[in-house]
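These notes concern the structure reproduced below.
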Amino acid sequence: MELRALRISRVNDEALAIRSYELIDPQGAPLPPFTAGAHIDLHLHDDCIRSYSLCNDPRERHRYLIAVLREAEGRGGSLFVHEKLTHGSSVLVSEPQNCFPLAGRASHHTLIAGGIGITPILSMVRFLEAIGANYSLHYCASDPQRAAFCSVLADPPFHKHTSMHFSHGDPRLRLDVASLLRLQMEGQNVYCCGPAGLIEAVNVATQAWSTGTVHFERFKSDPNSTIDRALNSSFEIEIASTGQILIVPREKSILRVLSENGISHAYSCEEGICGTCAAGLLSGRADHRDSVLTQQERSAHNVLILCCSRAVSKRLRLDL
């Protein structure tokens with residue numbers, strides 16, 4: 001995937017521990033287009049690659065806008081962004097990818113965001129408003145100081161479609177997800193991005209909804225996963241371009257085995273939530289363990305996520 005060096009043209013404190021960063025081409029060239037819900041990968045240092053959702057209007061070609069929550073207990077990427085990247089800094093950026101797209105045929109879009117999960121949702125809001133689509137936004141946070149872009153959403157034209165939900169530590173003040181999603185309107189789709197508890201509440205509330213109408217983007221792997229990694233077994237992978245066959249032992253990922261054998265491939269989260277390390281699957285059946293691929297994509301068995309997927313068959317032949 002092509003990388004380009006972009007310059008940070010603006011840094012702004014959007015909420016407590018959340019900063020936005022505007023990235024532009026240093027020569028003023030237009031940036032690759034993106035669609036609402038897309039993300040970019042920032043190559044920060046050495047092997048540190050982090051994915052951040054784009055939150056500006058997809059019609060804009062002169063800039064990318066991201067927002068980053070400073071996580072002291074994270075893997076170090078957000079700390080690096082907050083402490084090292086300033087106005088004028090240069091950073092290598094991937095082309096946009098979208099694992100969380102809007103459904104084109106939906107007649108109503110119900111958007112639910114929690115905390116920093118507003119980032120891809122905000123891009124959706126801007127796009128839906130621009131095309132005159134029918135949508136509603138429910139934005140959840142513990143208090144206004146921790147909710148980014150509140151002033152944007154509180155002003156026209158977005159304020160008519162936006163409901164803010166601040167719990168202030170009281171569970172009774174949280175969004176009543178079950179009531180909101182009790183009945184599905186014809187053509188209604190729901191999109192949710194936020195903490196695990198909010199995603200689980202939406203997942204439970206929409207069990208009876210039509211297939212393919214509920215969409216999630218996670219910032220962390222599913223904590224309710226029932227996969228027992230102790231039961232992993234080893235399998236083979238074949239590199240189609242060279243015919244090389246490698247063994248993936250039970251305790252290592254495909255991505256790790258490729259790296260140890262000098263085969264580089266783009267990656268970011270290493271948790272199966274961003275889709276950066278997707279690769280073509282030419283033969284074999286994968287055990288998909290990601291939170292990115294749709295059920296249709298999984299059933300087709302022609303793509304897999306290298307950082308978490310394993311094999312049902314003895315061998316997987318990869319388009320590498």
Answer yes or no: is there a side-chain heavy-atom contact under 4.5 Å between Phe216 and Ser291? no
Hey, what's the ring geometry for Tyr64 with Phe34, parallel, tilted or perpendicular (30° and 60° as the breaks)? perpendicular
Tell me, do Pro33 and Arg61 make a side-chain contact under 4.5 Å, heavy atoms counted? yes
A quick test of your reading: do over 12 heavy atoms of other residues, nucleotides or ligands sit less than 6.0 Å from CD of Glu186? no
Beyond-backbone contact of Leu102 with Asn189, side-chain heavy atoms, under 4.5 angstrom: no
Sequence neighbours excluded, every pair satisfying ring pair (Phe, Tyr, Trp, His ring centres under 6.0 Å) that has a member inside residues 253-287: none
Going by the salt bridge (Lys or Arg N to Asp or Glu O under 4.0 Å) test, which pairs reach into residues 130-149, not counting sequence neighbours? Asp143-Arg146
Within the structure provided, determine whether Leu318 and Leu304 are in side-chain contact (heavy-atom separation under 4.5 Å). yes
On a heavy-atom basis, the closest approach of Gly284 and Ser313 is CA-OG, 3.4 Å
Enter the distance from Gln188:CD to Leu183:CG here, rounded to the nearest 0.5 Å. 9.5 Å
To the nearest 0.5 Å, what is the distance between CD (Gln97) and NE2 (His39)? 4.5 Å
Can you confirm whether Leu153 sits close enough to Leu137 that some side-chain heavy atom of one is under 4.5 Å from a side-chain heavy atom of the other? yes
Within the side chain of Asn98, is there an N or O that forms a donor-acceptor pair under 3.5 Å with the backbone of Ala36? yes
State, with a plain yes or no, whether a side-chain heavy atom of Cys193 is found less than 4.5 Å away from one of Phe100. yes
So do Ile8 and Thr86 actually touch side chain to side chain, heavy atoms under 4.5 Å? no
Show every donor-acceptor pair shorter than 3.5 Å between a side-chain atom in residues 254-264 and any protein atom, with sequence neighbours excluded, or say none if there are none.
from	atom 1	to	atom 2	distance (Å)
Glu260	OE1	Lys252	NZ	3.0
Glu260	OE2	Lys252	NZ	3.2
Asn261	ND2	Val257	O	2.8

Is there a path of hydrophobic side-chain contacts, each under 4.5 Å between heavy atoms of I, L, V, M, F, W or Y residues, that connects Met164 with Leu111? yes
Anything under 3.5 Å between a donor and an acceptor, one on a side chain of residues 120-133, the other on a protein residue two or more places apart or in another chain? List them.
from	atom 1	to	atom 2	distance (Å)
Ser123	OG	Asn56	O	2.9
Arg126	NH1	Cys55	O	2.4
Glu129	OE1	Tyr135	OH	2.7

Looking at residues at least two apart in the chain, or sitting in another chain, which of them share a side chain to side chain donor-acceptor pair (under 3.5 Å) with Glu297? Thr294
Got a sec, which residues hit salt bridge (Lys or Arg N to Asp or Glu O under 4.0 Å) with Arg10, two or more places apart in sequence or on another chain? none
What's the separation between atom CZ in Arg317 and atom CD1 in Ile239, rounded to the nearest 0.5 Å? 10.0 Å
Can a side-chain donor-acceptor contact be found between Glu217 and Ser53 if the only test is distance below 3.5 angstrom? yes
Begin with the C-alpha distance, continue with both residues' side-chain angles, and end with the deciding distance and a verdict on side chain to side chain donor-acceptor pair (under 3.5 Å) for His108 and Ser136. CA-CA 8 Å; His108 182 84; Ser136 58; 3.3 Å; yes
Find out if a path of hydrophobic residues (ILVMFWY) with successive side-chain heavy-atom gaps under 4.5 Å connects Leu320 to Ile237. yes
Quick one: does any side-chain atom of Arg285 pair with a main-chain N or O of His301 as donor and acceptor, under 3.5 Å? no
CD on Glu14 to CG on Leu69, rounded to 0.5 Å: 12.5 Å
Could you check whether any side-chain heavy atom of Pro58 comes within less than 4.5 Å of a side-chain heavy atom of Thr35, counting everything from C-beta outward? no
